[in-house]
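Reading through the structure tokens given below for one structure.
Computed from a prediction, not measured in an experiment: that's the story for all the values here. These numbers come from the heavy atoms of this one structure, side chains and all, not from hydrogens, waters or symmetry mates.
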Amino acid sequence: NYELPILTRGSKNPTAQVWLSRGELWKFGTTQNADKRYSQKYLSGIGTGGVELRKEFVGTKAEALTLEQMKIDNFLSQTGQLPPGNKVRR
């Protein structure tokens, strides 16, 4: 299990912590170049065990944002809350 930060809209710093097991979802997001946006050092430094970035989709920005929103909405529907690393539902 790993302790990871909970991010909240309007707060620059984490507002709480959550324990997740390996493989559990922390955040959905989009980026044009993940390798330049997030260094391995940065990803490893999130929480007590770090996080793994998994590339799931390649397409247009509009397609990626639509898919991201669908995934966040599905998570919200199933759990009643946003993923711990997502501050907002766009």
Legend entry - Check: K87 side chain, S11 main-chain N or O, donor-acceptor pair, under 3.5 Å: yes

Legend entry - For K27 against P83, the heavy-atom pair lying closest together: CA-CB, 4.3 Å

Inset, instruction - Using the rule that two of Ile, Leu, Val, Met, Phe, Trp, Tyr join whenever any of their side-chain heavy atoms come within less than 4.5 Å, decide whether Y38 and I46 are in one cluster. - result: yes

Legend entry - Full working for side-chain contact (heavy atoms from CB on, under 4.5 Å) between T48 and Y2: CA-CA 6 Å; T48 58; Y2 301 98; 4.0 Å; yes

Legend entry - Polar side-chain atom of N86 near backbone of F28 as donor-acceptor pair, under 3.5 Å: yes

Legend entry - Co-membership, hydrophobic cluster, residues L53 and F75, 4.5 Å side-chain: no

Inset, instruction - Identify the heavy atoms of I6 and Q17 that sit nearest to each other, and give their distance. - result: CD1-O, 3.7 Å

Inset, instruction - Compare all side-chain heavy atoms of T30 with those of K61 and state whether any distance is below 4.5 angstrom. - result: no

Legend entry - E63 and F57, any side-chain heavy atoms less than 4.5 Å apart: yes

Legend entry - Side-chain donor/acceptor of W26 to backbone N/O of E52, under 3.5 Å: no

Inset, instruction - Could you tell me whether the side chain of P84 reaches within less than 4.5 Å of the side chain of L7, counting heavy atoms only? - result: no

Inset, instruction - Only pairs at least two apart or in different chains count here, so list each salt bridge (charged side-chain N to carboxylate O under 4.0 Å, His left out) that has a residue in residues 29-45. - result: none

Inset, instruction - Dump the intermediate steps for side-chain contact (heavy atoms from CB on, under 4.5 Å) on L65 and Q69, then the final yes or no. - result: CA-CA 6 Å; L65 290 172; Q69 190 58 60; over 6 Å; no

Inset, instruction - Answer yes if M70 and L76 sit in the same cluster of Ile, Leu, Val, Met, Phe, Trp and Tyr residues linked by side chain heavy atoms under 4.5 Å apart, and no otherwise. - result: no

Inset, instruction - Look at the side-chain heavy atoms of Ile, Leu, Val, Met, Phe, Trp and Tyr, link any pair under 4.5 Å apart, and say whether L25 and L82 land in one connected group. - result: yes

Inset, instruction - Measure from the side-chain N and O atoms of S77 to the backbone N and O of D73, and report whether any donor-acceptor pair falls under 3.5 Å. - result: no

Legend entry - Under 3.5 Å: donor-acceptor pair, side chain of S21, backbone of E24: no

